[in-house]
Structure formats: C-alpha cells, structure tokens
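So the structure is just underneath, and the comments pick up after that.
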Amino acid sequence: MEPKHTRTLHARIISWFSEHARDLPWRHSDCSPWGVLVSEVMLQQTPVVRVLPVWQEWMQRWPEPASLAAEPSGEAVRAWGRLGYPRRALRLHAAAGEIAASHGGKVPDTHAALLELPGVGDYTAAAVASFAFGRRETVVDTNIRRVHARLVAGDALPAQSLTAAEKKRAVSLLPRDDAESVAWNASVMELGALVCTARSPRCGECPVLDDCAWVRAGRPEPHYVPKGQAWHGTDRQVRGAMMAVLRQADGPVLRELLLTGPVDLVAPEAGAELAPLAALHALSAPQEQLERALQGLLRDGLAEATDSGVRLPA
DNA sequence: GATACGTGGCC
DNA sequence: TGGCCAAGTAT
C-alpha cells in the first residue's frame, strides 16, 4: 500500500541525482567492493574532497585487502595522512587481515558479515552491502537523517541520536525494488550533501521543495542547540599533534622529545621535518597531559614503544 | 546513552 | 576570529 506520494518522491529525487550527482571514483561500476569499503571508512566524519586523493593512493598501493594485510599496520596509519581519526586506518588494516584470513580475500557481501569487521558499524555495513553488492539495505547516515527530518518530519535537524522512530521511517521510505533502493540511498545522501545541507540549505535547487514539511511549516528553528566539539586544550589535540610527529618520522622518536624536549635540542636548520614537533611543543600542554596522550596512543595501537623511542607500528 | 576520537574549511 | 560541521564506531 505504497502511497502515490512516496513513489513521486522516489522518482524525483533519483532523477535529480542522475543529473547532479558528483562523479566520484567509488561510484564507478568498475570500483571493487574493497574500494567501496575503503571509501566508506575514509568518509566517516570526513569530507569527500579530503578523501579523494588519499583513496586514490590507497587503491593504487593496496588494490585488494590482502595487499594491505601484508603490510605493517603503521604503514596504513602513515598513508592515512591527515584524514583524521587514525584509528580508522588501524581498523581498516585489521579488517583487511580478517578478509584475507577468513573470507578468501573477498569483502563479505552481507550486512551481518560486514558488521563483524573492525571499524564497520551499522551505517558502513549497510552502505557497502547496498553500494558494492546492490542489496536492499536501509542506509542511514547524517545526510539522510537530515533530509528525512526536514522533508517528512518538518524539523530543522534530526534528533541528536538515531531514534527507533527515525529508523522505522527510513525503512518505510526505502523503495521495494533492489536496484531502486540502491539509487534511493545514494540519491538522498547526495541531496543532503549538496542541497539539503546543515547550514544554509539550497532550497531553490531542491527537487522536492513542494513536498518539504519543514518548508511548509515555515522553516522552524532546531529544537536544540548543537553542542560543539571541544578541541583546544584537549587530549585529542595533543594526540593529533603527536601522531603528526610520528607519521613524519622515518624511525623511532625519542620519548623525551615527544614528552618534554624543547625544540632547540635539535639543529635549527633541520627545518620542515621538525615542524610537527614544533607544533606539538607550541601547544604547551601540561606534562601530565602529554604522558596521558602518549599512553593513549600506545594503548590504542597507534604507536609502539621500542628501546630507541616511539614509532608507528612496524 | 554519553563520551572519546582528528582535521581543516567555511561563514 | 572561532564555533560549527563532515558518508560514524567503539566503549
């Protein structure tokens, strides 16, 4: 008993996608499931423009899971560059290992099996099953949630966490047909990324403006004030600065250099190679915080201690 | 459920 | 200038 209204939404949004979608390499028909998986993990909390060059580099260097699995995890972390949340690189490396060891080197093609992989949660499992394998899955990411919130619920923003009602709504909105469901997932996500954006939505370009509950309601304000992500002075900031030092270094970095060492311990003419170290020290983080940050990196497996210092996992 | 977890561009 | 935000996951 699918209402005519819903069918119209499907057709209009998918049609919009066919004309306005970005040409992204992981959407090409010749992109492997591995390429899709890598893209999805890289895209977690990270803008497309920053992912593109790193994804290209990874695909060239590690065209299949087994090639990544054959390298030390530190190589994955180094090649992750400045994408952020480097533990994702670690988990992708671990996932590649499991795929090589337990799945015959092939990315699993079901939501349940994908969910077992490190770094793959409900969103990524659904996205890979849908985009790489054409399965009918309910993909719910931040873009899709926002589009549904405005278009259907009439709210400026989705709730702060995914609710059961929201998930149910997403399920009910998904087209019956497999191929159409895949197109729908990609189309709604793209609409949220390009038109129905968090700030300053481009309603003039929206293919379903006529049906938008939020616009109809006079574009009311959000029900809550989004709380910002603390950064200055946090352990995260210190960890990030430390990781930058480790990525840039060829080998182990003296523990003292990481924790206390003033930059002038080293020859000034060393130049650019020392920039990350200078940046770390410029934070003027308390000794205790530096220690805590380093312990965190070691605990998380992002770094490892050797006799001569700290380095990326080798 | 709340919190920790990177990074850089934009308004 | 500085807070907000981006295809989330794990604990």
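Of the residues in residues 33-44 of chain A, Glu40(A), Leu43(A), Gln44(A) come within less than 4.0 Å of DNA chain C through at least one heavy atom, sorted by number. Within residues 134-151 of chain A, the residues that place at least one heavy atom under 4.0 Å from DNA chain C are, in residue-number order, Asp141(A), Thr142(A), Asn143(A), Arg146(A). For the segment residues 105-124 of chain A, residues with any heavy atom less than 4.0 angstrom from an atom of DNA chain C are, sorted by number, Pro118(A), Gly119(A), Val120(A), Gly121(A), Asp122(A), Tyr123(A), Thr124(A).
Residues that satisfy the ring pair (Phe, Tyr, Trp, His ring centres under 6.0 Å) test with His20(A), not counting sequence neighbours, are Trp16(A). Scanning for side-chain contact (heavy atoms from CB on, under 4.5 Å) contacts around Arg292(A) gives Asp235(A), Glu288(A), Gln289(A), with sequence neighbours left out. Take Arg239(A) and apply the side-chain contact (heavy atoms from CB on, under 4.5 Å) test, not counting sequence neighbours, and it matches Arg87(A), Ala293(A), Leu297(A), Arg299(A), Asp300(A), Leu302(A). Residues passing the side-chain contact (heavy atoms from CB on, under 4.5 Å) test with Pro252(A), sequence neighbours excluded: Thr306(A), Ser308(A), Arg311(A).
Contacts classified as ring-ring contact (aromatic ring centres under 6.0 Å, His included) and involving residues 49-100 of chain A (residues at least two apart or in different chains) are given here: Trp26(A)-Trp55(A), Trp58(A)-Trp62(A), Trp58(A)-Trp80(A). Annotation: side-chain hydrogen bond (donor to acceptor under 3.5 Å, both in side chains) contacts involving residues 136-164 of chain A, sequence neighbours excluded, comprise Arg145(A)-Glu166(A). Judged as a side-chain hydrogen bond (donor to acceptor under 3.5 Å, both in side chains), not a single pair has a partner in residues 219-231 of chain A (not counting sequence neighbours). Residue pairs that meet the ring-ring contact (aromatic ring centres under 6.0 Å, His included) test with at least one member in residues 99-137 of chain A, sequence neighbours left out, do not exist here.
Closest to the side chain of Arg199(A), from the set dA10(C), dC5(C), dG8(C), is dC5(C).
In summary, contact between chain A and DNA chain B, defined as any nucleotide atom under 4.0 Å from a heavy atom of the protein, begins and ends at dT3(B) to dG9(B) in the 5' to 3' direction.
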